[in-house]
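Heads up, the thing below is written out as structure tokens.
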Number of protein chains: 2
Amino acid sequence: MSNSIKVFSPSTVANVGCGYDVLGFALDGIGEEMVVTELSDDKMVILENDKFDLPLKPDKNVASVAAQALLDAAGIKKGYSFAFDKQIHPGSGMGTSASSSAGAVFAVNELIGRPFNTHQLVEFAMEGERMLSGKAHADNVAPNLLGGFTLVRAYGPLDVLQLPTPDNMYVAIVHPQVVVKTTDAKRMLKQTVKLDQAVAQWGNVGGLVSGLYESDFGLIGRSMEDHIVEPVRKLLIPLYDEVKAKALEEGAIGCSIAGSGPSIFAFAEGKATAEKIKASMQAIYDEVGILAYTYLSKIGTEGVRVL
Amino acid sequence: MSNSIKVFSPSTVANVGCGYDVLGFALDGIGEEMVVTELSDDKMVILENDKFDLPLKPDKNVASVAAQALLDAAGIKKGYSFAFDKQIHPGSGMGTSASSSAGAVFAVNELIGRPFNTHQLVEFAMEGERMLSGKAHADNVAPNLLGGFTLVRAYGPLDVLQLPTPDNMYVAIVHPQVVVKTTDAKRMLKQTVKLDQAVAQWGNVGGLVSGLYESDFGLIGRSMEDHIVEPVRKLLIPLYDEVKAKALEEGAIGCSIAGSGPSIFAFAEGKATAEKIKASMQAIYDEVGILAYTYLSKIGTEGVRVL
């Protein structure tokens with residue numbers, strides 16, 4: 001068994017419109033590469049990265065925290081170094097912390113001979129999320145590890161479902177360079193919702209799940225409607241309504257906020273339509289001089305993998 | 001074309017645990033027969049029934065109200081008589097009013113040469129529900145007309161989805177003879193819900209829809225959990241917790257309240273298990289001397305049909 005491994009961990013988008021805190025999907029080939037190497041002692045070491053200012057203390061970095069949770073459960077005392085090469089800037093809403101948590105537990109599990117299955121890895125990766133936000137979310141780490149669309153049906157016990165991915169389904173994403181903190185985005189949400197809005201939302205979640213099984217893009221688009229989270233969180237995203245209207249005009253199946261933002265994603269049938277949408281999103285921010293990165297990807301049906 | 005028609009309209013169960021106001025399913029062979037006959041003038045006539053005390057005024061009976069909505073939309077001035085033979089006692093929570101609304105619009109549509117499709121019939125049948133409760137619900141009339149499991153994804157515009165029915169899926173139902181008025185059952189529900197409870201509920205709706213597609217009875221059962229409606233409505237149903245616990249002990253996939261109650265339904269894989277559950281539900285009410293009717297049915301994949 002090698003004492004070093006290189007893995008690719010995809011970026012992910014949580015919520016998917018109506019599915020706040022439960023739905024998510026993985027991108028294809030967009031994410032981060034990690035090199036995880038066994039050390040001679042039982043310390044965790046985060047290798048410095050000149051591109052991004054990542055936490056270097058092992059108890060503050062999601063990768064080492066998640067990996068430690070796995071090692072503790074396995075009763076193994078070992079140390080590892082973690083080196084990251086991220087394509088996506090942290091703070092995008094595209095699950096950059098989750099991809100490190102997921103990549104770390106996947107890599108360490110490989111290095112120690114795979115004692116845990118993928119669903120167990122989700123639980124360990126959630127410990128990275130818990131350290132970061134105080135709550136052990138799974139809506140990003142689940143698609144990270146399983147690939148495709150996932151539904152976190154319940155916590156306690158954790159019940160994560162893999163949903164089908166329609167053929168030829170693409171996503172265009174724009175990441176305007178404004179700072180939205182996950183904690184702020186959470187705080188803005190009211191802790192109670194009207195019953196009729198909640199009913200509309202669970203009608204949509206049911207519709208979206210059905211749409212994925214049926215590969216019915218019209219149904220997927222109609223079902224993405226979100227009356228609870230989007231109206232609040234879009235306030236932090238400049239030109240959100242304009243970007244969404246333009247994406248739909250260019251043929252998007254549906255458009256919403258990636259995770260807690262500020263990235264905006266739009267689904268499209270086929271790569272050509274997704275390209276057009278991506279360009280039109282970019283143009284809106286270019287025109288007003290807001291720096292924005294754009295991405296285009298198929299829905300990624302693979303989770304974290306060895307490179 | 002005959003000027004009289006006899007139809008069978010199945011009973012239905014709305015909500016299905018987690019899916020308050022959106023999910024429902026039809027029974028197989030349990031419901032009501034209706035005879036609808038064209039009259040020589042444009043009056044509606046409800047024929048008296050010595051078994052049940054149904055409203056005889058055409059503007060107070062759901063069947064004539066729903067049929068009139070259809071005729072108005074078609075621009076046709078005709079009168080019909082409606083005769084009912086119901087197997088289920090009204091006030092059961094098993095959609096007895098919806099089955100009359102749905103049966104009436106289906107029958108009249110047949111008699112005038114089928115100008116409307118099934119989804120349009122749902123909209124007309126909803127007018128019967130509106131007259132009764134003040135709100136044009138579709139969660140019972142949708143499975144009534146379409147059969148199987150249905151999801152009312154949205155109103156305005158109405159978006160009704162048909163979901164798959166797993167093979168060998170049965171339901172046992174007990175109807176304890178206590179009176180629960182739909183209006184009371186609605187009033188008891190709080191008009192706001194906690195966000196985290198709403199999230200848990202839409203996770204379950206997504207899980208239930210996935211479970212139906214996957215024919216995964218374990219997932220269906222886990223997903224039926226309802227933290228919003230059941231805790232309130234079960235207060236009106238004597239021995240609810242005991243009946244549910246017994247049903248699950250006897251092998252039920254899941255158990256919850258039929259519509260707004262007081263009937264309780266339990267899903268089972270296979271007829272033999274459903275029979276055992278039905279008998280055990282009956283025994284609980286027999287023991288304390290509460291009159292209760294029980295029913296056993298496959299999930300009915302057919303909606304209203306001509307006899």
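It should be emphasised that the depicted structure is a prediction, and the values quoted were computed from it without experimental measurement. Residue numbers start from 1 in every chain, and the chains themselves are labelled A, B, ... in the order their sequence lines are given, proteins ahead of strands.
Between Ser210(A) and Val209(B) the shortest heavy-atom distance is N-CG1, 3.9 Å. When all heavy atoms are compared, the tightest approach of Arg222(B) to Arg153(A) is O-NH1, 3.1 Å. The minimum heavy-atom distance between Val193(A) and Ala198(B), with the atom names listed, is CG2-CB, 4.0 Å.
Using a 4.5 Å heavy-atom threshold, the side chains of Thr192(A) and Leu195(B) count as separate.
Residue Leu23(B) does not touch chain A at all, counting heavy-atom pairs closer than 4.5 Å. With a 4.5 Å cut-off on non-hydrogen atoms, Leu212(B) does not touch chain A at all. With a threshold of 4.5 angstrom between heavy atoms, Ile228(A) approaches chain B through side-chain atoms but not through N, CA, C or O. Residue Asp159(B) touches chain A through its side chain alone, counting heavy-atom pairs closer than 4.5 Å.
Atoms CG and OG, from Leu161(B) and Ser223(A) in turn, are 7.0 Å apart once rounded to the nearest 0.5 Å. A distance of 7.0 Å separates CD in Gln191(A) from CG in Asp196(B), rounded to the nearest 0.5 Å.
Residue-environment remark: CG (Asn117(B)) exceeds the threshold of 12 foreign heavy atoms within 6.0 Å. Atom CG of Asp241(A) has more than 12 heavy atoms from other residues, nucleotides or ligands within 6.0 Å.
Between Tyr20(A) and Trp202(B), the ring planes lie perpendicular to each other; the angle is over 60°, past the 30° to 60° tilted range.
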